[in-house]
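Taking it in order: structure first as structure tokens, then the write-up.
Below, read A as the first sequence line, B as the second, and so on, with proteins coming before strands; counting in each chain starts at 1.
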There are 2 protein chains.
Amino acid sequence: MDAEAAELKVLDTAERLFDERGVQAVGMDALRTASGVSLKRLYQLFPSKDVLVEAVLRRRDGAVREALAAHGARVADGPYERALAAFDWLADWFAEPDFRGCAFINTFGELGGVAPNVAGLARDHKEALRAYFAAQTDALGAPPALADQLALLANGAMVVAGITGSPEPAAQAKAAARVLIDAAR
Amino acid sequence: MDAEAAELKVLDTAERLFDERGVQAVGMDALRTASGVSLKRLYQLFPSKDVLVEAVLRRRDGAVREALAAHGARVADGPYERALAAFDWLADWFAEPDFRGCAFINTFGELGGVAPNVAGLARDHKEALRAYFAAQTDALGAPPALADQLALLANGAMVVAGITGSPEPAAQAKAAARVLIDAAR
DNA sequence: GCATCGGGAGAACGATCGTTCTCCCGACCG
DNA sequence: CGGTCGGGAGAACGATCGTTCTCCCGATGC
């Protein structure tokens with residue numbers, strides 16, 4: 001296994017375990033066992049657990065931004081449909097087995113008070129979500145406040161879907177988003 | 001200091017420290033130092049940390065339900081104003097210094113995957129919030145789906161206010177709630 | 001005054017954490 | 001073929017955790 005493959009395996013495993021059990025409940029030894037990457041390699045790839053946590057979050061941040069953009073681009077029907085498409089993406093996500101909420105919301109809850117880098121990553125990630133909506137509402141000529149409201153719906157849906165284990169909040173949020181967008185036009 | 005005063009002091013201190021640093025980052029010794037209650041008393045009041053965590057969350061759950069009901073009852077203007085009053089309560093809460101988000105969302109993020117009792121308490125707490133909105137939408141003759149949507153807005157506001165540190169999401173959510181309620185009548 | 005007992009301070013214990021070190025094997029180079 | 005070196009397995013280390021135990025003091029009852 002070369003360095004790239006090991007790094008990928010570590011990031012995949014860490015993302016899954018952190019999501020399932022929380023960050024602090026996953027020891028480096030558990031990560032070693034689950035990933036099959038030795039402790040020595042693990043520490044030469046990521047010099048500390050903090051660095052690894054940050055790397056996992058950064059990769060996840062990029063993946064979400066790409067997935068969101070890709071989902072929006074698939075519907076070429078203009079900003080109205082692109083804004084609503086975000087909630088379809090949420091629906092797909094929530095339906096995944098073992099979905100346990102947004103990694104940034106969860107990690108912020110666990111570490112946001114003591115790890116400023118984690119708090120900052122969560123802030124940036126949520127700002128990116130808001131910016132996605134803002135791009136669509138701007139194109140619609142709707143006020144920027146609408147983008148904030150759509151972001152609230154999306155984040156609320158993530159929380160409620162995570163806590164209740166139901167994917168329904170995605171559809172509920174989409175219906176609410178449609179009402180809000182229609183009212184702003 | 002008698003038993004009642006000690007229990008109160010422990011619960012107050014634990015709630016504050018858990019909120020500031022997360023549950024796992026607060027050791028029983030830190031709790032002892034901050035509360036001034038000896039380890040011996042602490043363990044005879046709460047036989048384990050798990051029990052203490054659950055007690056803190058149960059008390060917080062009751063306090064939120066009471067505060068929400070009290071805030072709603074203060075405006076006797078009927079269900080329309082009572083539904084919107086919830087967002088005024090959010091605004092007061094978000095403006096508190098050191099506000100760091102909803103304890104149930106944060107604790108679920110940290111422990112929900114490995115502590116089923118914590119996950120259950122979070123579920124019950126969020127169901128109570130939804131039920132508050134459902135009581136108002138029922139009285140308005142609006143469909144129950146509206147209550148779910150208002151709950152999404154409220155939870156989204158808690159998350160975004162916690163992560164960004166701004167109290168603005170309360171007002172944004174209130175404005176969105178008004179549009180949704182008006183559209184449903 | 002003396003014995004009893006609850007409670008405070010904090011040491012002690014076993015477990016586990018993040019991190020480093022030791023030992024050893026197998027691949028590559030001359 | 002002999003030597004060098006990267007990497008794997010896992011022991012070791014110091015710190016910290018949740019929990020329990022020891023020791024001692026002060027109040028209370030007779």
Distance in angstrom units between [X] [atom1] and [N] [atom2], rounded:
X: A:Leu39; N: C:dT22; atom1: CG; atom2: P; result: 16 Å
X: A:Leu42; N: C:dT19; atom1: CG; atom2: P; result: 10 Å
X: A:Met28; N: D:dG10; atom1: CE; atom2: P; result: 18 Å
X: B:Leu52; N: D:dT19; atom1: CG; atom2: C1'; result: 14 Å
X: A:Leu111; N: C:dC17; atom1: CG; atom2: C1'; result: 15 Å
X: B:Lys9; N: C:dG8; atom1: NZ; atom2: P; result: 14 Å
X: A:Leu17; N: C:dG18; atom1: CG; atom2: P; result: 12 Å
X: B:Asp29; N: C:dG10; atom1: CG; atom2: P; result: 10 Å

Is the number of heavy atoms from other residues, nucleotides or ligands under 6.0 Å of A:Glu168 CD greater than 12? no
For the CD atom on A:Gln24, are there more than 12 heavy atoms of other groups (residues, nucleotides or ligands in this structure) within a distance under 6.0 Å? yes
When you get a sec, tell me which of [options] is the closest nucleotide to the side chain of [X]?
X: A:Ser38; options: C:dC17, C:dA9, D:dG8; value: D:dG8
X: B:Tyr43; options: C:dT19, D:dA9, D:dT20; value: D:dT20
X: A:Ser48; options: D:dG8, C:dG7, C:dT19; value: C:dT19

Within the structure, does a side-chain N or O atom of B:Arg41 lie under 4.0 Å from either OP1 or OP2 of C:dG6? no
Give a yes/no answer on whether the side chain of A:Arg32 brings an N or O atom under 4.0 Å of OP1 or OP2 in D:dG8. no
Testing A:Leu150, A:Asp148, A:Ile181 for side chain to side chain contact (heavy atoms under 4.5 Å, CB included) with A:Phe133, which one passes? A:Leu150
Co-membership, hydrophobic cluster, residues B:Val23 and B:Phe99, 4.5 Å side-chain: no
Across the strands shown, which category fits A:Val26 at heavy-atom distances under 4.0 angstrom: base, sugar-phosphate, nothing? sugar-phosphate
If you look at every strand shown and take non-hydrogen atoms under 4.0 Å, does B:Gln44 touch a base, only sugar-phosphate, or nothing? sugar-phosphate
Under 3.5 Å, is there an N or O donor on one side and an acceptor on the other linking the side chain of B:Lys40 and the base of C:dG8? yes
Here's one to test your reading of the geometry: is the NZ or CZ of A:Arg123 within 45 degrees of the ring axis of A:Phe104 and under 6.0 Å from its centre? no
